[in-house]
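Everything below concerns the one structure shown next.
Small disclaimer: the values here were computed from a predicted structure and weren't measured. Within every chain, numbering begins at 1; the chains are lettered A, B, ... in the order of the sequence lines, protein sequences first and strands thereafter.
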Number of protein chains: 2
Amino acid sequence: MKLTTKGRYGLKAMFDLALNSNGEPIKLNAIGERQGISVNYLEQLISPLRKAGLVKSVRGAQGGYILAKPASEITVRDILVTLEGPIVPVDCVSEDDDENLCTHSDCCVSRIIYEKIRDSINEVVASITLQDMIDDHKQINATNIQVNCKN
Amino acid sequence: MKLTTKGRYGLKAMFDLALNSNGEPIKLNAIGERQGISVNYLEQLISPLRKAGLVKSVRGAQGGYILAKPASEITVRDILVTLEGPIVPVDCVSEDDDENLCTHSDCCVSRIIYEKIRDSINEVVASITLQDMIDDHKQINATNIQVNCKN
DNA sequence: ATTAATCTTGACAAAATTACTCGGACATAT
DNA sequence: ATATGTCCGAGTAATTTTGTCAAGATTAAT
Ligand code: FES
Ligand code: FES
C-alpha cells in the first residue's frame, strides 16, 4: 500500500510548478534542483503529466513547463492516477479495467472491503487540489520550499 | 497503492478460518484447497499471524489452526498490519517508525496529504471485523466459499 | 544561420521487492 | 512406530521500481 517515487516525486514536482508559477515556463532543471530530483527522472514523470493535459510544455531555449489549468482545478488524484494508474488496493476493483475482474466478483466478501478502501482513498485525494497545497504551505511556512523531504 | 498477495491471501485465509471454525482445528491443507493457495505459501503467512496472537496452532496429527479470539474481535486491519506492516502511503508517516521521518516533516505539505490517506485507509480496515465478513457472506451467498476470486 | 537551451523519446540496467518453493526439524494422535 | 500435521530458514525466479543515458526535435537568442 505504498506510493512509488513516480507518484511522490510527481506530486512534489507539480506542487513546485504551481508554487513557482509566474506566467513564465519553468525548467525541469529548476524543479529538480529545488526538490532534489534528477532531471533525467523528472523527464520521465512530466511526459505522462503532459499527455494527461495537466501541464503544457514550451519547447526550445527559455522553454519549460506551465500548469495547463489553474492550480485549483488540478487535484492530487489527477496527478497520482496519471503516474500510478488507478488507485486501487487490488486490480479487480479498478473501474476502468474490466479485464482483471474475478470470476466470482458478485459474491466476494473481500471485494466489499477493497471497494471501501478504494473509495476512501480516492475521496481524499480527489478533494485536495494544488491550490490547497499552496494555501497550506503559505500558512505553515512562508519561506521554505520543502527541499529535505524525501517523499 | 496495491496490497501484496501476503495481505490478500492472509485475509482470505483468516476469513476461511473464521467461516469454517467449529471448535476443531483447521488444517492449512483444507484452507489452501478451498481458497486456492499453496500450503507452502500459507505456512509463511500463518506464522506471523500466530505470533501476532490472531490464531492459535495445534501441532501434530489432527492439528491445525483456530482463531485466537472471537471473529468479532479480529479486524481486517489486524490482519493486514501483521502481514504487510504499517498501512501507510509513505514510510515517513508511519507512527511506529520514527526512523523514516523526513528532516522537514514539520513544514511538509505532502505530509498532510499522506496522513489523510493513511488515516482514511486505517479507519476503513479497522472498522471491519471477520464477523462482519461472515455476515456479509451469509447475506450474499449461503453456499459459495469464494474459491475463484484471485485476491 | 548558428548556437545554445530545452523538451521528447525510447532503450537500457541496477536494485529492490514479491511471490513463491523446498527441505528438514519438530510434535502429537492413532 | 507411523502418519499427519505444524514450524523454520534458506533459496530463487519473476516482477517491479528507480533510475540513467543517448540521440533527436524544437525554438529563443545572437
Ligand atoms: S477478489 Fe476480485 S472479486 Fe473477489
Ligand atoms: S515527505 Fe516525509 S515529511 Fe515531507
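Distances were taken from every side-chain heavy atom of B:L28 (C-beta onward) to each of D:dT4, D:dT6, D:dC8; the shortest belongs to D:dT6. With D:dT4, C:dT8, C:dT9 as the candidates, the nucleotide lying closest to the side chain of A:S57 is C:dT8. For A:A61, the side-chain atoms get nearest to C:dA4 when compared with the rest of C:dA4, D:dC8, C:dA29. In this structure, of C:dT9, C:dA4, D:dC7, it is C:dT9 that holds the atom nearest to the side chain of A:R50.
For the pair A:K6 NZ and C:dT17 P, the interatomic distance rounds to 17 Å; values are reported in whole Å. A:R8 places its CZ atom 11 Å from the C1' atom of D:dT17, with the value rounded to the nearest Å. Nucleotide C:dT17 holds its C1' atom 13 Å from the CG atom of B:D91, rounded to whole Å. At whole-Å resolution of the value, CD1 in A:I66 and P in C:dT6 are 16 Å apart. C:dA5 atom P lies 9 Å from atom NZ of A:K27, rounded to whole Å. Taking atom CG of B:L49 as the reference point, atom P of D:dC8 lies 14 Å away to the nearest angstrom.
One side chain, B:D135 or B:Q131, offers a donor N or O that lies under 3.5 Å from an acceptor on the other.
Annotation for A:E43: atom CD counts as buried by contact number, over 12 foreign heavy atoms lying within 6.0 Å. Within 6.0 Å of the NZ atom in A:K69, the count of heavy atoms belonging to other residues, nucleotides or ligands exceeds 12.
In terms of modelled atom types and a separation under 3.5 Å, the side chain of A:E84 and the main chain of A:T4 share a donor-acceptor contact.
Neither OP1 nor OP2 of D:dC8 sits under 4.0 Å from any side-chain N or O of B:R59. B:T4 has no side-chain polar atom (N or O) that falls below the 4.0 Å cut-off from OP1 or OP2 of C:dT17. Phosphate proximity of C:dT21 to B:S38: present, with a side-chain N or O under 4.0 Å from OP1 or OP2. Checking the phosphate oxygens (OP1, OP2) of C:dC20, a side-chain nitrogen or oxygen of B:Y9 falls inside 4.0 Å. The side chain of B:T5 places an N or O atom within less than 4.0 Å of a non-bridging phosphate oxygen (OP1 or OP2) of C:dA19.
Using a 4.0 Å heavy-atom distance criterion, A:I46 is classed as making no nucleic acid contact.
Contact of A:Q44 with C:dT8 (side chain to base): no donor-acceptor pair of N or O atoms is detected under 3.5 Å.
Taking the nucleotide of DNA chain D with the nearest heavy atom to each of A:Y41 and B:G60, the more 5' of the two is matched to B:G60. The 5' end of DNA chain C is approached more closely, in terms of each residue's nearest nucleotide, by B:E84 than by the other of B:E43 and B:E84.
Each salt bridge (Lys or Arg N to Asp or Glu O under 4.0 Å) pair with one or both residues in residues 114-127 of chain A, not counting sequence neighbours, appears once here: A:E95-A:R118, A:R111-A:E115.
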